[in-house]
Number of protein chains: 2
Amino acid sequence: MPAMTETKSITADKIASHLSQAVHEHRLQPGAKLREDEVCDLFGVSRTIVRQALRSMEFEGLLTIEKNRGAFVSKPTLKEAQEVFQARALLEPSTARAAAMRANAGDIEMLERHIKDEHVALDQDEAGLALKLSGDFHLEIARIADQQTIEQFLRQLISRSSLVIALYWRRRNALCESNAHHALVDALRNGDGDSAEELMKGHLLDIFSQLDLRERAEGSTSLRDALRL
Amino acid sequence: MPAMTETKSITADKIASHLSQAVHEHRLQPGAKLREDEVCDLFGVSRTIVRQALRSMEFEGLLTIEKNRGAFVSKPTLKEAQEVFQARALLEPSTARAAAMRANAGDIEMLERHIKDEHVALDQDEAGLALKLSGDFHLEIARIADQQTIEQFLRQLISRSSLVIALYWRRRNALCESNAHHALVDALRNGDGDSAEELMKGHLLDIFSQLDLRERAEGSTSLRDALRL
DNA sequence: TACTCACTTTTTGTATACAATATTTTTTAT
DNA sequence: ATAAAAAATATTGTATACAAAAAGTGAGTA
């Protein structure tokens, strides 16, 4: 008897999140083109759905859709890169403060798991995955702060940060920021809003200071490979 | 010889901005349903385009699309209302400061025109239009500050503010805030960043303090009337 | 070789047909 | 007359067909 493993009902959201993950992990590089038919074949849906997914990713800033030319992974300019971190600097410190006031034991545990996963990913040379997890850590703090509106903006900003890092990150090896994350968790655990706010501010400045000013050449990746389908 | 008055090429963007304006001016109230066919007839395009427009308005927070049920003008909850103004309080004061550093004579002139238009609208009992212009004033400041990322977020926040005001505004008569706008323009003209930041902070608090906690009953409007088509 | 023009192929944009779901109306039974 | 069930209608969701635009190809010319 054949197994009923029909997953079925692939939604635009699922496609978008699959593609987004690939962008976040730098398996899809800025500038890469996402042809509609190719995505259709990969996920087995019609162009209607794929176009919905691409459109939503455009709204999030991950893709840039050029009329009659197609959807490309966005290549933030230097000015946009600066703006992204300026905006984060305005939103995240006070969010960290609010999170410190609300975090419970379960929240702390989840954050620590995030950090652990990051380490594992780094140990396995999965820098892309580690970067994705690092972004999720920041989002998780907004969730703990119970600020959905800000969380939504932060999601976009972190997505764009991932593109910025793909283009402007100085060294290719490690993200030495897990210490900062640890310190943040400590502040949250102690309900120390002042520290949380300051640590977050410093952490963002630290990341920003590690960006390089020069532009980088884009690499082209096979869509199929990038998605691991 | 017949006049070549073919406007032609009605894009999803045009439809979205037309509909958005109607929401901003409270001609379309929170809870109102936007049927696809109706919008199609009004603008003379296929559902494909209309659906694009509605989807983009959903991303901006103006509409809520319920699966298999349709698109409705969003009805922000009280918590969402608070979040919107919390987010604005984080973003706008520092944006006003930046604008004070960059505003030139043309910028000031444009802001003053905005204020004048607001007054005219109020004198003609076009409270909806005045509200729209008031929102544009805030957006204009972000534009002067040359912060596109923040401007984009602010656009969404101001859209949602309009819904919040439709639902939770205390008195129906006047928006007595034009003084605040005047003071802001003065600060910008003088390049006084400190004042601009403080004034904006106070202005937002002032608006927020005038919101009522109770929920309101929704009114239903004919889509055709609301759009004046 | 380098260039351009025409032609072919590929890819995206829009409208429409059909399917699935929700809503309204009618029928039927108590 | 009321309520439940069933049918009819209206509305949204998805796939597909066709149109329009862009990208690619190759012959011909200087």
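In what follows, chains are A, B, ... by sequence order, proteins preceding strands, each numbered from 1. All of these numbers come straight from a predicted model, not from anything done at the bench.
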Rounded distance (Å) that lies between atom P of D:dT11 and atom NZ of B:Lys33
7 Å
Whole angstroms only, please: what is the CZ-P distance between B:Phe72 and C:dA22?
12 Å
So which of residues 44-62 of chain B are in contact with DNA chain D, with a heavy-atom cut-off of under 4.0 Å?
B:Arg47, B:Arg51
Starting at CG of A:Asp37 and ending at P of C:dG13, how long is that distance when rounded to a whole Å?
12 Å
Do B:His203 and B:Glu92 meet the criterion of a side-chain donor-acceptor pair at a distance under 3.5 Å?
no
Rounding to a whole Å, what distance do you find between A:Glu36:CD and D:dT14:P?
16 Å
Those residues at least two apart in sequence (or on a different chain) that pass ring-ring contact (aromatic ring centres under 6.0 Å, His included) with B:Phe72 are none
Indicate whether the side chain of B:Gln21 and that of B:Glu25 have a donor and an acceptor atom separated by less than 3.5 Å.
yes
Specify the separation, in whole Å, of atom CD1 of B:Ile65 and atom C1' of C:dT21.
16 Å
Between A:Arg69 and B:Ala71, name the one whose nearest nucleotide on DNA chain D is closer to the 5' end.
B:Ala71
Rounded distance in Å - CD (A:Glu38) to C1' (C:dT11)
12 Å
What is the distance, to the nearest angstrom, from the CG atom on A:Asp13 to the C1' atom on D:dT14?
15 Å
Can you name the side chain to side chain contact (heavy atoms under 4.5 Å, CB included) partners of A:Thr64, sequence neighbours left out?
A:Ser74
Distance (rounded to the nearest 0.5 Å) between B:Ser161 OG and B:Trp169 CH2
10.5 Å
Taking the side chain as everything from C-beta on, heavy atoms only, tell me whether B:Leu211 gets closer than 4.5 Å to B:Arg170.
no
Rounded to the Å, how far apart are A:Lys67 NZ and D:dA19 C1'?
12 Å
